[in-house]
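What follows is a short report on a single structure.
Along the sequence shown, the residues carry numbers beginning at 1. Order of listing sets the numbers, starting from 1, for every ligand and every atom in it.
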Amino acid sequence: MERLVIRGGRPLEGSTRIHGAKNAALPILAAVTMADGETVIRDVPNLDDIRVMLDILRSIGARVYYADRVVTVDPTGICTTDVPEHLMRMMRSSVFLMGPLLARFGNVRVSKPGGCSIGTRPIDFHVKGLARLGADIIDRHGYIECLATRLQGTTIFLDFPSVGATENLMMAASLAQGETIIGNAAREPEIKDLALFLQKMGAHIEGAGEDTIIIHGVERLHGCEFRVSPDRVVTGTMMIAGAITKGHIELENARSSDLAAVIMKLREAGVHVTTGNDIIEVKQTGTLQAVDRIQTAPYPGFPTDLQAPFMSLLTLAKGTSIISETIFEDRFQHVSELQRMGAAIKVDLRTAFIKGVRELSGAAVEATDLRAGAALVLAGLGAQGTTIVDRVYHIDRGYESLETQLHDLGANIMRLRDQPHADIAVAEV
Ligand code: UD1
């Protein structure tokens, strides 16, 4: 069992580089299965979710090399489109393989991903979209099998601008016959990144980043070289880390244009944010102020993935802030942990009322999911005393050695393995 131990109250100082985006890299790694040659992808973060995706690619016959954040995949040896259940279960994003494998090989079989701790997270939009593209779908015994000799271009209007469904369908449509129009598409920056990647492979895509995407299917896609865009959720997390510690930090390889909604709220809270060419500077000196209601929404709205981290910041802001979570039904599990640290938060269904307190006090808390875990680390950095965050594996799914990045900026944080809480309180961190 690994845990992070944080002694709070140290202002972060200095500069750090943001790694490539997990949420862009995952669908791109699925898309490489459609190439007829080798592909090289750079700045792929070394994360648990990425390693699972690489294991899946290996398990179906692709040759995969990964070192120094560079992935090389040769998919020519793929010999099955049956994604192993135990790997499927480890990561929801394995559903990204449905569209590409079906489009390239005419069939795919995956086990149905279950719900997860933040909500039920069905995949009905993915499946309905593939059916619209002409696939026969067999859904039984917990598996979904899709079959099609060649997918046929069509018009698909999504009930909700789902990020994953937009990506899956965009990939599948790239090798379909004729034109596909995806209406009410998600507009997240990761969609644009995937479209740029597919275009480099030879796909014809217009409108990625807007709510209507048009894909002109091609006969084949080839290998290419690509660099993944910076991770906007890690960027946002680090910005909040700078603010909550009353620090002064500079983030390199950070795209402010992807984070307009978050930067606006940080400034409203009194945080000084200066943006430049791939650089964001964060400086916090005075008292944090409560902000007007934050409502999570599809991009360009406030990202649900930064809802929990931002709540940690607001626990220390003067006045009462309100956060409404509209994307996932159960994404307030960090609240009870923040309350253990002295935060004053009330929850009414999917709205949280956060009354700022003068200080948080370190406590033993548990990460319940990836972003909730990051929120607790942030709270620990801003708290008085020692915070112990358990279940670090959740955090490792999306942050490449978060403690090293924070430590290099001056935080008092370390990872401990198999050490009881009682010993940690006195350990020199
Ligand atoms: C992606 C991100 C995740 C982020 C989320 C919302 C990746 C790997 N993950 O997840 O970090 O929190 O976008 O920005 O990119 N829905 C359905 N049926 C479907 C698909 C989705 O009902 O077939 C619902 C979901 O349950 C959820 C909402 O639509 O309530 C949004 O989900 P979606 O945009 O698909 O999120 P993901 O792609 O799973």
Q: Consider every N or O of Arg121 and every N or O of ligand 1, then say whether any pair is closer than 3.5 Å.
A: yes
Q | Passing candidate, side chain to side chain contact (heavy atoms under 4.5 Å, CB included) with Arg331, options Asp305, Thr296, Thr326 | A | Asp305
**Q.** Flag for Arg232-Asn23: side-chain donor and acceptor within less than 3.5 Å
**A.** no
Q.
Could you check whether Arg227 pairs with Asp193 (Lys NZ or Arg NE/NH1/NH2 to Asp/Glu carboxylate O, under 4.0 Å)?
A. no
Q: Could you tell me whether Glu400 and Arg69 make a salt bridge, using a distance below 4.0 angstrom between a side-chain N and a carboxylate O?
A: yes
(Q) Taking the six-membered ring of Tyr299 as reference, does the cationic atom of Arg187 (NZ for Lys, CZ for Arg) lie under 6.0 Å from its centre and within 45° of its axis? (A) no
Q) Does the N or O separation between Ser162 and ligand 1 drop below 3.5 Å for any pair? A) yes
Q: Look at Arg150 together with Glu219 and state whether they make a salt bridge at an N to O cut-off of under 4.0 Å.
A: yes
Q) Is there a nitrogen or oxygen of Val163 sitting under 3.5 Å from a nitrogen or oxygen of ligand 1? A) yes
**Q.** Under 4.0 Å to a heavy atom of Asn23 - the qualifying atoms of ligand 1, by number
**A.** 2 (C), 3 (C), 7 (C), 8 (C), 9 (N), 11 (O), 15 (O)
Q: Specify the protein heavy atom at minimum distance from atom 36 (O) of ligand 1: its residue, its atom name, and the distance to 0.1 Å.
A: Phe328 CZ, 4.1 Å
Q. So, Lys128 and Asp159, do they make that salt bridge, N to O below 4.0 Å?
A. yes
Q) Can you tell which part of Asp124 has a heavy atom less than 4.0 Å from ligand 1: side chain, backbone, both or neither? A) both
**Q.** Lys/Arg-Asp/Glu bridge criterion (N-O < 4.0 Å) met for Arg350, Glu329
**A.** no
Q. Can you find an N or O of Ala165 that's nearer than 3.5 Å to an N or O of ligand 1?
A. no
Q. What do we get for Arg331 next to ligand 1 when only non-hydrogen atoms under 4.0 Å count, side chain, backbone, both or neither?
A. side chain
Q) Identify the closest protein heavy atom to atom 38 (O) of ligand 1: which residue and atom is it, and at what distance? A) Gly164 N, 2.8 Å
Q.
Any nitrogen or oxygen of Phe125 lying under 3.5 Å from a nitrogen or oxygen in ligand 1? Just yes or no.
A. yes
Q: Could you tell me whether some N/O pair between Ser93 and ligand 1 is separated by less than 3.5 angstrom?
A: no
Q. Does Arg63 pair with Glu38 as a salt bridge, N-O distance under 4.0 Å?
A. no
Q: Report yes if Ile327 has an N/O atom closer than 3.5 Å to an N/O atom of ligand 1; otherwise report no.
A: yes
Q) Heavy atom under 4.0 Å from ligand 1: found in Phe160's side chain, backbone, both, or neither? A) side chain
(Q) With a 4.0 Å cut-off on N to O distance, would you call Asp48 and Arg397 a salt bridge? (A) no
Q.
Counting non-hydrogen protein atoms only, what is the nearest one to atom 12 (O) of ligand 1? Give residue, atom name and distance.
A. Asp305 OD1, 2.6 Å
Q) ligand 1 and Pro122, any nitrogen or oxygen pair closer than 3.5 angstrom? A) yes
Q.
Between ligand 1 and Arg92, can you find any atom pair, the residue atom being a heavy atom, that is separated by under 4.0 Å?
A. yes
Q.
Tell me which one of His334, Arg371, Gln295 satisfies side chain to side chain donor-acceptor pair (under 3.5 Å) with Gln307.
A. His334
Q.
Tell me the contacting part of Glu190 for ligand 1: side chain, backbone, both, or neither, using a 4.0 Å heavy-atom threshold, strictly below.
A. neither
Q: State plainly whether the residues Asp43 and Arg17 are in salt-bridge range, i.e. N to O under 4.0 Å.
A: yes
**Q.** Enumerated ligand 1 atoms positioned under 4.0 Å from heavy atoms of His126
**A.** 23 (O)
Q. Ligand 1 and Thr304, any nitrogen or oxygen pair closer than 3.5 angstrom?
A. no
